[in-house]
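Here's the structure we're looking at; comments come further down.
Everything numeric in this text was worked out from a predicted model, so none of it was measured.
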Amino acid sequence: MSIVIDQVSKRFGTFQALGDVSLHIPTGELVALLGPSGCGKTTLLRIIAGLEQADAGRIEFHGEDATGRHVRERGVGFVFQHYALFRHMTVFENVAFGLKARPRKQRPPAAEIAQRVQRLLELVQLGYAAARYPHQLSGGQRQRVALARALAIEPRVLLLDEPFGALDANVRKELRRWLRRLHEELHVTSVFVTHDQEEAMEVASRIVVMNRGRIEQVGTPDEVYEQPATPFVSSFLGSVNLFHGRLHDGWAHIGNWRAPAPEHATASGAASAYLRPHEIELSTDEAGALDAAVVCGVRAMGALVRIELERGADAGLVEVDLPRERYAQNPYAIGERLFLRARRVRLFAQDPANGAAAGTAVAAVCSPPAS
């Protein structure tokens with residue numbers, strides 16, 4: 001079941017929750033709506049479900065206009081963050097509820113309901129818990145029951161709103177892998193909301209990055225991470241270090257570093273560069289360096305060692321990640337002055353109207369030799 005979101009807008013009073021949002025979700029895809037709190041991702045999910053009505057725009061399911069359909073007519077399964085299980089019902093009764101609540105003419109026979117519920121409980125690895133009550137289950141188990149309940153009605157579309165947000169880190173990680181395997185088996189068109197970047201990267205086949213009620217970028221996890229379309233996507237996905245430079249005569253300049261920027265051969269002006277901590281090299285050689293900085297902190301982080309460096313009172317800190325083995329071969333001392341060299345740079349032209357880096361990427365290149 002494909003989903004088409006066509007120029008959807010929504011306001012709550014004076015607050016613009018969604019502004020002219022358009023998106024196509026192919027049949028069988030698992031898509032993550034990712035963004036900070038208040039970006040509009042849950043509002044969009046609820047509009048797809050029919051729990052909210054858009055002020056403008058259309059929702060289509062498999063080419064059919066579903067904009068005016070009631071939530072009961074959309075064939076949508078919805079999983080909430082806080083389970084929403086009936087405490088007085090057993091696991092079996094919770095999963096069967098949607099089927100038993102159907103009008104008599106649409107309700108399957110009792111034997112068919114029992115068979116379907118048991119099959120789903122086996123699918124979510126809870127066949128042994130059919131007679132238990134929600135309070136007798138862990139948080140992860142309750143969320144799997146909620147998912148089984150959503151699947152029991154055989155939805156055309158499965159929607160999940162922060163499904164693992166109330167769980168601890170280890171359980172979230174386990175359920176992420178489990179959800180991905182479940183989707184690969186069922187191939188139900190699925191959309192889930194999350195603010196957890198790692199969750200979106202691990203589970204989704206495509207990620208929709210949202211900000212302030214609009215879509216910043218749509219792409220595979222690798223595309224949005226390695227080829228961010230906007231400065232917001234660069235800064236939101238993972239840790240980044242920001243440097244300021246200039247474009248001139250088809251070249252990008254930051255400190256003593258420069259690289260060709262053929263996309264803007266005739267442009268001149270300010271540019272912003274984003275480098276992830278593992279994309280910076282530390283050197284005692286000034287040639288081709290982005291900047292100089294002084295080591296002010298060293299923290300071991302599992303397999304990595306994070307070096308914190310102070311560039312100056314106004315420039316702020318820079319974070320550099322090194323493999324633990326590499327750092328052990330050449331440790332750095334607090335107070336040591338080093339030069340920052342780029343392994344890769346993502347450059348964006350600054351908007352002269354407001355001074356913000358709001359253009360498209362100028363370059364994503366490996367650092368060439370200084371010249």
Side-chain angles (χ1 to χ4, degrees), residues 1-3 23 25-35 41-42 44-46 48-49 51 74-85 91 94-95 97-98 116-130 132 134 137-210 218-225 237:
M1 177 63 62
S2 62
I3 305 171
L23 178 67
I25 301 173
T27 300
E29 194 167 54
L30 176 56
V31 171
L33 303 181
L34 175 67
K41 54 189 186 294
T42 293
L44 181 57
L45 193 78
R46 292 176 62 86
I48 295 172
L51 296 172
R74 297 197 183 195
V76 167
F78 205 104
V79 179
F80 298 90
Q81 178 177 349
H82 293 288
Y83 326 127
L85 299 179
V91 166
N94 266 281
V95 176
F97 179 81
R116 188 185 302 182
V117 170
Q118 193 59 41
R119 186 173 65 248
L120 281 169
L121 289 177
E122 296 293 341
L123 186 65
V124 300
Q125 301 169 7
L126 286 172
Y128 61 89
R132 296 184 186 179
L137 305 177
S138 69
Q141 289 172 327
R142 276 178 278 179
Q143 194 59 287
R144 280 188 275 158
V145 172
L147 185 54
R149 184 179 60 182
L151 292 171
I153 61 170
E154 297 181 334
R156 301 188 297 172
V157 173
L158 180 63
L159 307 177
L160 306 100
D161 187 9
E162 300 271 11
F164 311 135
L167 305 173
D168 64 54
N170 287 335
V171 176
R172 284 203 308 269
K173 192 169 185 177
E174 176 188 345
L175 287 185
R176 287 200 298 260
R177 290 194 295 262
W178 174 81
L179 178 60
R180 183 70 190 185
R181 289 195 300 268
L182 185 67
H183 179 265
E184 289 170 355
E185 182 173 341
L186 298 178
H187 296 290
V188 177
T189 305
S190 305
V191 184
F192 76 98
V193 161
T194 182
H195 64 272
D196 187 322
Q197 303 157 29
E198 183 180 341
E199 184 169 285
M201 292 283 184
E202 186 173 342
V203 175
S205 51
R206 271 200 311 161
I207 295 175
V208 180
V209 183
M210 298 185 65
V218 180
T220 65
D222 189 61
E223 286 169 347
V224 296
Y225 186 82
L237 293 176

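- Scored by the side-chain contact (heavy atoms from CB on, under 4.5 Å) test, Ala49 finds Leu51, Val76, Phe78, Leu159 as partners (sequence neighbours excluded).
- In terms of the side-chain contact (heavy atoms from CB on, under 4.5 Å) criterion, residue partners of Val218 (sequence neighbours excluded) are, by chain and number, Leu23, Arg206, Val208, Ile215.
- Across His195 and Leu34, no two heavy atoms sit closer than the pair C-CD1, 3.8 Å.
- Residues Leu179 and Leu147 meet the side-chain proximity criterion, which asks for heavy atoms closer than 4.5 Å.
- At least one donor-acceptor pair under 3.5 Å links the side chain of Lys41 to the backbone N or O of Gly35.
- Remark: Arg180 engages Glu184 in a salt bridge, criterion side-chain N to carboxylate O under 4.0 Å.
- Proximity of a side-chain donor or acceptor of Arg74 to a complementary backbone N or O of Ile48 within less than 3.5 Å is detected.
- Glu122 pairs by the salt bridge (charged side-chain N to carboxylate O under 4.0 Å, His left out) definition with nothing, not counting sequence neighbours.
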* Thr194 vs Glu162, side chain to side chain contact (heavy atoms under 4.5 Å, CB included): CA-CA, chis, key distance, verdict -> CA-CA 5 Å; Thr194 182; Glu162 300 271 11; 4.2 Å; yes
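- Under 4.0 Å is where a charged nitrogen must lie from a carboxylate oxygen, and between Arg172 and Glu198 no such pair does.
- Contact record, Ala200 with Pro221: O-CG, 4.5 Å, taken as the closest heavy-atom pair.
- Among all heavy-atom pairs drawn from Leu137 and Arg142, the shortest one is O-NE, 3.5 Å.
- With respect to Val145, the side-chain contact (heavy atoms from CB on, under 4.5 Å) criterion is satisfied by exactly one of Val124, Leu120, Leu85: Leu85.
- Val79 and Ala146 get closest at one heavy-atom pair: CG2-O, 4.0 Å.
- Arg119 contributes atom CZ, which lies 11.0 Å from atom CG of Leu151 (distance to the nearest 0.5 angstrom).
- Under the 4.5 Å side-chain criterion, counting only non-hydrogen atoms from C-beta, Leu175 is in contact with Arg144.
- By the 4.5 Å heavy-atom criterion applied to side chains, Leu44 and Val193 are not counted as neighbours.
- One distance of note links CG of Leu186 with CD of Glu154; it measures 10.5 Å at 0.5 Å rounding.
- The two atoms that bring His183 and Ser190 nearest to each other are CD2-OG, 3.6 Å, heavy atoms only.
- With hydrogens and angles disregarded, no donor-acceptor distance shorter than 3.5 Å links the side chain of Ser2 to the backbone of Pro26.
- Note that CD1 of Ile25 and OG1 of Thr189 are 8.5 Å apart. Values are rounded to the nearest 0.5 Å.
- Atom CD1 of Ile153 sits about 9.5 Å away from atom CZ of Arg116, to the nearest 0.5 Å.
- Closest non-hydrogen pair, Leu121 versus Ala130, comes out as CD1-CB, 3.8 Å.
- Once rounded to the nearest 0.5 Å, the distance linking CG of Leu45 with CZ of Phe192 reads 11.0 Å.
- One N or O on the side chain of Ser205 and one on the backbone of Leu30 form a donor-acceptor pair closer than 3.5 Å.
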* Check the pair Ile207, Met201 against side chain to side chain contact (heavy atoms under 4.5 Å, CB included), reporting the backbone distance first and the verdict last. => CA-CA 8 Å; Ile207 295 175; Met201 292 283 184; 4.0 Å; yes
